[in-house]
Amino acid sequence: MPPNKKARLLNNTGKADGREAVKRKTAAKTKQGSESAPQFSHWLMKSEPESRFENGIDVKFGIEDLKALPDQTSCWDGVRNYQARNFMRQMKEGQLAFFYHSNCKEPGIAGIMKIVKEAYVDHTQFDKKDVHYDASSKQDNPKWSMVDVQYQRMVKRFLPLSELKQIHQQHRAQGGPLKDMALFTRARLSVQPLTAEEFDFVLSLEDTEPL
DNA sequence: GCCAACGTTGGC
DNA sequence: GCCAACGTTGGC
């Protein structure tokens, strides 16, 4: 069992699997469903580095918390959003993800982690004590998945959301690799894909002067 | 602490 | 299967 953690990610206890299946069919046509989705190779995952209490439980989990764990590895539990879950299910061992700090003094990309275990059942959905307990999810048909991630390194300099946003806006106006970055086009998604080009461009920023 | 954006719920 | 009401995210 991987070390436990308290990432707080999206949201609700989602409901009706039937409803979800309908959506997935629709999505498949338009090309976002998990089956027919393009294969993404890079990811961005959000977590909160500052203390915040939800049902009396601190959901803080920043990159320093990941780094401090045995093996610098953790499961990424608590995702309760279908799109985010579906992206996690597409993740392959060895792929890289940005660790993004959200809902904090300075939001932005703090470091890099690696997917070290592909999607499996998120046990916290069955744990009544857990913040993300989901009474609607049944043992014989679990709704929610998680992956394991391992800390790789900090970015050479913290990459603030404000800077990424400026670049995104510039690229949107004049063209450039970040013009469609999910961080801005799908703002509230806690697990999101990046193309290799987007990932490489963002990473190249660590060697540049802050804007 | 506010609140816009947006995902989810559930009545019809 | 539409869509208004509701709840959450997360920047500011």
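Every chain is numbered from 1 and lettered A, B, ... according to where its sequence line falls, protein lines coming before strand lines.
- Rounded to an integer number of Å, the gap from A/Glu50 CD to C/dT9 P is 16 Å.
- Classified by interplanar angle (parallel below 30°, tilted 30° to 60°, perpendicular above 60°), the ring pair A/His101/A/Phe158 is tilted.
- Within the nucleic acid shown, A/Tyr100 comes within 4.0 Å of sugar-phosphate atoms alone, with no base atom in reach, counting heavy atoms only.
- When each of B/dT8, B/dA5, C/dC12 is scored by its nearest atom to the side-chain atoms of A/Arg188, the top-ranked nucleotide is B/dA5.
- Rounded to whole angstrom, the span from the CG atom of A/Leu183 across to the P atom of B/dC6 amounts to 13 Å.
- For the pair A/Lys117 and A/Tyr120, the distance from NZ or CZ to the six-membered ring centre is under 6.0 Å and the angle to the ring normal is within 45 degrees.
- A side-chain donor from one of A/Ser137 and A/Gln125 sits under 3.5 Å from a side-chain acceptor of the other.
- Rounding to whole angstrom units, NZ of residue A/Lys105 and C1' of C/dG11 are separated by 14 Å.
- The nearest whole Å value for the distance from the CZ atom in A/Arg52 to the C1' atom in C/dT8 is 10 Å.
- The distance between atom CZ of A/Arg186 and atom P of C/dG10, rounded to the nearest whole Å, is 12 Å.
- Taking atom NE2 of residue A/His168 and atom C1' of nucleotide C/dG11, one finds them 14 Å apart after rounding to whole Å.
- The phosphate of C/dG11 (OP1 or OP2) has no side-chain N or O of A/Lys46 nearer than 4.0 angstrom.
- Rounded to whole Å, the distance from CD on A/Glu54 to C1' on C/dT9 is 11 Å.
- A/Phe184 places its CZ atom 11 Å from the C1' atom of C/dG11, with the value rounded to the nearest Å.
- Side chains of A/Arg85 and A/Ser145: a donor-acceptor N/O pair is absent below 3.5 angstrom, by distance only.
- Nearest to the side-chain atoms of A/Lys165 among the listed nucleotides B/dT8, C/dC12, C/dG10 stands C/dC12.
- Among B/dT8, B/dG7, C/dG11, the nucleotide with an atom closest to any side-chain atom of A/Tyr82 is B/dT8.
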